[in-house]
Amino acid sequence: MHVLITGGAGFIGSHLSQALLDRGDRVSIVDDLSTGSMRNIAHLKGRDGFSYVIDTVRNERLMAEMVDEADVVFHLAAAVGVRLIVEHPVHTIETNISGTEVVLRLAAKKNKVVLVTSSSEVYGKAEAVPFREDGDVVFGATSRARWSYACSKAIDEFLALAYHKERATPTVVVRLFNTVGPRQTGQYGMVVPTFVRQALAGEPITVFGDGKQSRCFSHVADVVSALQALVAEPKAYGRVFNVGSSEEVTIWQLAQRVKERTESKSPIVYVPYDQAYEAGFEDMRRRLPDTSRIRETVGWTATKSLDDVLEDVIAFERAQD
Ligand code: UDP
């Protein structure tokens, strides 16, 4: 199979590229290196069947050619990371909406299978945990930049579902919950690599807010196998799937766990949200997926625990020194 991965030099995209090459697929990637990096794909360059183009997915002429050559498109290119979103909302909205428009329009023209990555952020401030795909989404005011990401991803979802409905395009939407693993950068605010780096450097571990907010962290290897399974299952087309782990942890407990596992002497400190992000920043208190739909459709469940995730991230960060 020939696969096109947008955002292939990103954290998840680079792991997906590797898994597909290992399986014997041809893999082409397009990435503008805005949050991805050549380092992420350095080990793939020169491998049989691998090619890459450094450009934006909004370059329609290029994308037309790339989509044409592919059997399946994984659309991962997006502006991600809470810090990036809060600091650059224009870039976030334009990239996430226009990029997905281009990819879906071209995939529809050629009737290619296309997987669109959305986010658990789409649930917004909904409180009905665990989150089900057919549950309501609840966003904050438009004056809070954070919600621009959720809204842009919600539009992507509407569009993917609309193409399936109106044009019978084989689209699949995945809502990724917090995904973690080697090569993820803490630069854009992701908490696990941030805590691990702080702990290894002996710097304060910065818990934002009261630390009682919780998340479920899944290992990127599990996420990659979910994406592969979904594109291969026609029953998944035209539907939305949560992809995440069900092991819930508060951010304070996470800080403790990272400190213990790295044997760090770092103090754990609390940082108010308005200092960490911006005045009036709104966080989600709990974010827990209901994964029965993906389990029933393709038999997928997360296999790796938070300890597995931390072990891999700590080993990766230690090797960076
Ligand atoms: N967080 C934190 N310290 C950090 C970075 C993040 O306490 O240095 C918190 C953040 O406020 C959120 C959680 O960790 O409650 C997860 O943040 P992340 O940005 O990784 O993902 P999110 O779930 O917010 O998209």
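We count ligands from 1, going down the list as the structure has it; atoms in each ligand are counted the same way.
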TODO: Measure the distance from atom 3 (N) of ligand 1 to every protein heavy atom, then report the residue, atom name and distance (to 0.1 Å) of the closest one.
DONE: T206 O, 2.7 Å
Open item on the list: Tell me the nearest of T250, T179, V191, L254 to atom 16 (C) of ligand 1, using heavy-atom distances.
Closed with: V191
- [ ] Could you tell me whether R215 approaches ligand 1 through its side chain, its backbone, both or neither, with non-hydrogen atoms closer than 4.0 Å?
- [x] side chain
Open item on the list: Show me which atoms of ligand 1 lie under 4.0 Å from any heavy atom of T194.
Closed with: 8 (O)
Open item on the list: Ring centroids only, cut at 6.0 angstrom: are Y270 and F208 within range, meaning strictly under it?
Closed with: no
TODO: Measure the distances from the heavy atoms of R146 to every atom of ligand 1 and state whether one is below 4.0 angstrom.
DONE: yes
TODO: Measure the distance from atom 22 (P) of ligand 1 to every protein heavy atom, then report the residue, atom name and distance (to 0.1 Å) of the closest one.
DONE: R287 NH1, 3.5 Å
Task: Pair D31, Y52: side-chain N/O donor-acceptor within cut-off below 3.5 Å - done: no
Task: Under-4.0 Å heavy-atom contact with ligand 1, by part of R285 that carries it - done: neither
Task: Side chain, backbone, both or neither: Y277 near ligand 1, heavy atoms under 4.0 Å - done: side chain
- [ ] Compare all side-chain heavy atoms of I29 with those of V53 and state whether any distance is below 4.5 angstrom.
- [x] no
Task: Nearest-neighbour protein heavy atom for atom 19 (O) of ligand 1, which is reported as residue plus atom name and distance - done: G189 O, 3.1 Å
Open item on the list: If you take the nearest heavy atom of each of V271, I251, D210, which one is closest to atom 13 (C) of ligand 1?
Closed with: I251
Task: R47 CZ: over 12 foreign heavy atoms closer than 6.0 Å - done: yes
Open item on the list: Is any side-chain heavy atom of H15 closer than 4.5 Å to one of T179?
Closed with: no
Open item on the list: Nearest non-hydrogen contact with atom 7 (O) of ligand 1 belongs to which option: Y149, F208, W252?
Closed with: F208
Task: Any N/O pair D283/ligand 1 closer than 3.5 Å - done: yes
Task: Flag, side chain of N242 to backbone of S120, donor-acceptor distance under 3.5 Å - done: no
TODO: State, without any angle test, whether N178 and R287 hold a side-chain donor-acceptor pair at a distance under 3.5 Å.
DONE: yes
Open item on the list: Using a plain distance cutoff, I'd like to know if N178 has any nitrogen or oxygen under 3.5 Å from a nitrogen or oxygen of ligand 1.
Closed with: yes
Open item on the list: At less than 4.0 angstrom from any non-hydrogen atom of V207, what atoms of ligand 1 do you find?
Closed with: 7 (O)
TODO: Output the list of atoms in ligand 1 that are nearer than 4.0 Å to some heavy atom of Y273, sorted by atom number.
DONE: 11 (O)
Task: Heavy-atom donor-acceptor pair, T171 side chain to L161 backbone, under 3.5 Å - done: no
Task: Student check: side-chain heavy atoms of D32 and I54 closer than 4.5 Å - done: no
- [ ] Consider only side-chain N and O atoms of E121 and W147, and report whether a donor and an acceptor are under 3.5 Å apart.
- [x] no
